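Before any comments, here is the structure.
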Amino acid sequence: MDEPAIPTDALLASPDGRNDLRVQVLLDRARFSPGEIDGVAGSNQAGALRAFQRQQGLDPTGEADEDTWLALEANASPTLVDVVLSEEDVAGPFVEIPSDMMAKAALASMGFTGAVEKLGERFHASPALLRELNPQARFEAGESIQVPNVEHDLELPAASTVVVDESDGALWLLDAQDAVIAWFPATSGSENDPLPIGDWTINGVAHDPVFNYDPSLFHAADPAHEKATLQPGPNNPVGVAWIDLSKPHYGIHGTPEPANISKTQSNGCIRLTNWDVVRVAGAVSPGTAVRLQE
């Protein structure tokens with residue numbers, strides 16, 4: 001599906017450089033993820049701002065007021081950086097992903113659909129944003145393009161507790177003193193598969209998992225579908241990592257649709273962007289406490 005173009009003046013035109021694109025990049029760098037960076041104010045940006053403001057002792061309005069800008073700008077990094085694309089950056093093989101689950105099961109892999117999607121995952125950005133920032137780019141090796149400045153020390157300290165708050169639409173990582181390590185927008189549960197409220201633990205982490213499709217567990221599954229195994233890849237239904245919970249059949253995982261995080265329902269599990277679930281996976285271990293709350 002084609003994504004709507006984002007007017008460049010909406011991204012970069014503010015005379016003091018204080019715009020939604022900069023807010024999102026600085027939040028990402030501060031470990032308060034806005035989800036997919038697109039340069040447009042939305043619910044994930046507002047949620048990340050509120051979480052950041054609470055951590056900073058500010059009024060949690062979800063708006064970037066003067067005090068919030070001062071706190072964000074403590075990290076005075078540029079919003080965008082220039083990157084010269086390598087052969088590896090734009091290499092396939094790329095895959096056309098069908099919508100039908102049985103057709104997906106027939107694929108040898110569930111890789112990226114193209115170079116722009118691959119770069120979007122690397123730079124936490126929507127493909128539409130990358131195209132708007134680089135209108136003349138062909139996204140080929142040797143080209144220099146502008147991208148959100150999110151490549152830095154992404155490794156997080158070890159978390160003592162993972163908190164998934166359904167009302168907040170978010171996943172928090174806390175240290176042993178219950179101080180906030182990081183905040184991520186999350187999709188959790190649905191009317192048919194509510195979030196299993198309570199205290200659980202992490203069993204383990206699987207990177208690049210297969211997805212074992214069982215249509216009996218999906219309320220909207222095609223009656224003609226059978227059990228199937230979908231191969232690993234960023235477009236796998238559980239993305240690039242599965243964090244297994246002590247609650248059977250439940251986990252924290254990635255997604256092939258980062259733009260939908262916290263905006264659509266899940267089949268009961270906790271869904272993050274692929275880049276965010278990788279960060280969470282690196283901060284937890286078997287036995288880490290998980291608190292799921294309303």
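Below, all heavy atoms of this structure are taken into account, side chains as well, without hydrogens, waters or symmetry copies. The shown structure was predicted, so the numbers you read here are calculated from the model rather than taken from an experiment.
Two residues are said to be in side-chain contact when any heavy atoms from C-beta on lie closer than 4.5 Å; Glu63 and Thr68 fail this criterion. Under the 4.5 Å side-chain criterion, counting only non-hydrogen atoms from C-beta, Ile243 is not in contact with Asn203. Using a 4.5 Å heavy-atom threshold, the side chains of Met110 and Pro232 count as separate. The side-chain heavy atoms of Tyr213 and His225, taken from C-beta on, include a pair separated by under 4.5 Å. Counting only heavy atoms from C-beta outward, the side chains of Val277 and Trp242 never approach each other to under 4.5 Å. Proximity of Ile270 to Thr187: side-chain heavy atoms (C-beta onward) are nowhere separated by under 4.5 Å. Proximity of Val280 to Leu173: side-chain heavy atoms (C-beta onward) are separated by under 4.5 Å at one or more points. Residues Asn274 and Pro256 fail the side-chain proximity criterion, which asks for heavy atoms closer than 4.5 Å.
Taking CG from Asp168 and CD from Glu294, the interatomic distance works out to 13.5 Å, rounded to the nearest 0.5 Å. Atom OG of Ser160 and atom CD of Gln177 lie 8.0 Å apart (nearest 0.5 Å). The structure places CG of Asp38 at 11.0 Å from CG of Leu130, a figure rounded to the nearest 0.5 Å. Atom OG of Ser285 and atom CD1 of Ile202 lie 7.5 Å apart (nearest 0.5 Å). Once rounded to the nearest 0.5 Å, the distance linking CG of Leu49 with CG of Leu58 reads 10.5 Å. Distance check: Gln45 CD to Arg50 CZ gives 10.5 Å after rounding to the nearest 0.5 Å.
The heavy-atom pair separating Pro78 from Val25 by the smallest distance is O-CG1, 4.4 Å. For Ser77 against Leu26, the heavy-atom pair with the smallest separation is O-CD2, 4.3 Å. The shortest non-hydrogen separation linking Val84 to Gly142 is CG1-O, 3.9 Å. Annotation for Ala281 and Val205: closest pair CB-CG1, 3.7 Å, computed over non-hydrogen atoms. Taking each heavy atom of Arg291 and Leu174 in turn, the nearest pair found is NH2-CD1, 4.3 Å. The two residues Lys104 and Ser99 come nearest to each other via the heavy atoms CE-O, 3.8 Å.
His124 and Asp276 share no donor-acceptor pair across their side chains, judged by distance under 3.5 Å alone. A donor atom on one side chain and an acceptor atom on the other are not found under 3.5 Å apart for Arg271 and Ser188. Side-chain atoms of Asp59 and Thr61 form no donor-acceptor pair, as typed in the model, at a separation below 3.5 Å.
Both Leu107 and Val238 are part of a single hydrophobic cluster, where members link through side-chain heavy atoms under 4.5 Å apart. By the criterion of side-chain heavy atoms lying less than 4.5 angstrom apart, applied directly or through intervening Ile, Leu, Val, Met, Phe, Trp or Tyr residues, Ile252 is grouped together with Val240 in one hydrophobic cluster. Placement of Leu171 and Val180 in two distinct hydrophobic clusters is found when ILVMFWY residues are connected by side-chain heavy-atom separations under 4.5 Å, directly or transitively. Taking hydrophobic clusters as Ile, Leu, Val, Met, Phe, Trp and Tyr residues chained together by side-chain heavy-atom distances below 4.5 Å, Val116 does not share a cluster with Phe94. Criterion: ILVMFWY side-chain heavy atoms under 4.5 Å apart, direct or through other members. Under it, Val278 and Leu245 are part of a common hydrophobic cluster.
Using a distance-only test at 3.5 Å, with no hydrogens or angles considered, a donor-acceptor pair links the side chain of Gln24 to the main chain of Gly39. Judged by distance alone, with hydrogens and angles left aside, the side-chain atoms of Asp28 form no donor-acceptor pair with the main-chain N or O of Ser33 at under 3.5 Å. Checking side-chain atoms of Ser126 against main-chain N and O of Leu129 turns up a donor-acceptor pair under 3.5 Å. In this structure a side-chain-to-backbone donor-acceptor pair under 3.5 Å is missing from Thr201 to Thr288. Judged by distance alone, with hydrogens and angles left aside, the side-chain atoms of Glu132 form no donor-acceptor pair with the main-chain N or O of Ala128 at under 3.5 Å. A donor-acceptor pair under 3.5 Å links the side-chain atoms of Arg29 to the main chain of Asn149, judged by distance alone. Side-chain N or O atoms of Gln293 include none that pairs as donor or acceptor with a backbone N or O of Val163 at under 3.5 Å. Although no hydrogens or angles enter the test, the distance criterion places a donor-acceptor pair under 3.5 Å between the side chain of Asn44 and the main chain of Ile261.
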For Glu117 and Asn235, what are the C-alpha separation, side-chain angles and deciding distance, and is it a side-chain hydrogen bond (donor to acceptor under 3.5 Å, both in side chains)? CA-CA 10 Å; Glu117 183 185 46; Asn235 276 300; 3.3 Å; yes

For side chain to side chain contact (heavy atoms under 4.5 Å, CB included), just list the numbers for Gln55 and Trp183, CA-CA rounded to whole Å, side-chain angles, deciding distance to a tenth of an Å, and then say yes or no. CA-CA 10 Å; Gln55 188 216 38; Trp183 182 100; over 6 Å; no

Assess whether side chain to side chain contact (heavy atoms under 4.5 Å, CB included) is satisfied between Glu143 and Gln136, documenting all intermediate values. CA-CA 10 Å; Glu143 283 186 306; Gln136 305 303 317; over 6 Å; no

Test log, rule side chain to side chain contact (heavy atoms under 4.5 Å, CB included), inputs Gln231 and Thr229: CA-CA 6 Å; Gln231 297 305 308; Thr229 299; 4.1 Å; yes

Full working for side chain to side chain contact (heavy atoms under 4.5 Å, CB included) between Leu133 and Val147: CA-CA 8 Å; Leu133 291 173; Val147 298; over 6 Å; no

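Partners of Arg122 under the salt bridge (charged side-chain N to carboxylate O under 4.0 Å, His left out) rule, at least two apart in sequence or in another chain, are Asp89, Glu151. Applying the salt bridge (charged side-chain N to carboxylate O under 4.0 Å, His left out) criterion to Glu73, with sequence neighbours excluded, gives Arg22.
Between Phe211 and Phe218, the two ring planes are perpendicular [angle over 60°; tilted spans 30° to 60°].
Atom NE2 of His249 is surrounded by 12 or fewer heavy atoms from other residues, nucleotides or ligands within 6.0 Å. Within a 6.0 Å sphere centred on CD of Glu140, other residues, nucleotides and ligands contribute more than 12 heavy atoms.
Between Lys118 and Glu88 there is no salt bridge, since no side-chain N of the basic residue sits under 4.0 Å from a carboxylate O of the acidic one.
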